[in-house]
Amino acid sequence: MKNNCIFCAIAEGEIPSFKIYEDEMCLAYLDINPFSKGHTLVIPKAHSEGLLDTPCETLAELVKRVKKVASHIKATLNADGFNILQNNGEAAGQTVKHIHFHIVPRYGMNEISFESSKGDMYELKALAERLRIA
Ligand code: AMP
Ligand code: ZN
């Protein structure tokens, strides 16, 4: 596995993911321990660890994809809003050292827990099919 990095392995197709969007520079897939229905991660295919070591050009392109994917998720799942999270360093809760933006859809005024809990693989598969952007 390149860089010993699970998200690089996902980007290279070595490890399966519940992919909903892919283009030449980025990939978006469902988080397997979702905070809410449709919780998605957007990553650049090129490895970097966090915000500070990622080139500004990559960040600019990535944020365009975050916007596109968030807009699609919000419309498809009828979400009322969404949180964008991006953790840097263990102290901030970063567990995977490949930069990623979380898109966490919100429904009504429902409180959610920002603690991971294991998702149902069948539900995630069906949701990824529903959310896939051609
Ligand atoms: P962070 O705490 O910001 O580093 O978030 C890492 C996220 O990656 C967590 O929410 C994990 O549930 C998620 N995650 C870890 N492995 C996978 C995987 N194989 N597929 C999808 N999401 C993953
Ligand atoms: Zn990586």
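Counting starts at 1 for both ligands and their atoms, in listed order.
At a 4.0 Å heavy-atom cut-off, ligand 1 does not touch F18 at all. Contacts with ligand 1 closer than 4.0 Å are made by backbone heavy atoms (N, CA, C, O) of L30 only, the side chain lying farther away. Under 4.0 Å from ligand 1, the heavy atoms of L41 that appear belong solely to its side chain. Within the 4.0 Å heavy-atom criterion, neither part of Q86 lies near ligand 1.
Considering backbone and side-chain N/O of H39, none are found under 3.5 Å from N/O of ligand 1. Any N or O atom pair closer than 3.5 Å counts here, and Q94 shares no such pair with ligand 1. At least one N or O atom of N87 sits closer than 3.5 Å to an N or O atom of ligand 1. Residue G93 has at least one N or O atom closer than 3.5 Å to an N or O atom of ligand 1.
When the side chains of ILVMFWY residues are joined at heavy-atom separations under 4.5 Å, either directly or via intervening members, L77 and Y21 end up in a single hydrophobic cluster. A continuous path of hydrophobic side-chain contacts links V69 to L124 [ILVMFWY only; heavy atoms under 4.5 Å].
Contact record, V104 with I112: CG1-CD1, 3.6 Å, taken as the closest heavy-atom pair. D80 and G108 get closest at one heavy-atom pair: OD2-N, 2.5 Å. In terms of heavy atoms, H102 sits closest to N87 at NE2-ND2, 4.1 Å.
Heavy atoms of H100 come nearer than 4.0 angstrom to ligand 1 in at least one pair. Residue contacts with ligand 1 include I10, since one of its heavy atoms falls under 4.0 Å from the ligand. Residue F7 places a heavy atom under 4.0 Å from ligand 1.
With the Zn ion (ligand 2) as the vertex, atom SG of C5 and atom SG of C8 span an angle of 120° (nearest 10 degrees). Angle subtended at the Zn ion (ligand 2) by H98 ND1 and H47 ND1: 110°, rounded to 10 degrees.
The shortest contact between atom 11 (C) of ligand 1 and any protein heavy atom is with D31 OD1, 3.5 Å.
Using a 4.0 Å cut-off to heavy atoms of Y29, the atoms of ligand 1 that qualify are 21 (C).
Of all the listed residues (I15, T95, T40), T95 holds the heavy atom that lies closest to atom 6 (C) of ligand 1. Among I32, N88, I99, I43, the residue whose heavy atom lies nearest to atom 18 (C) of ligand 1 is I32.
The closest side-chain heavy-atom distance from L59 to I99 is below 4.5 Å.
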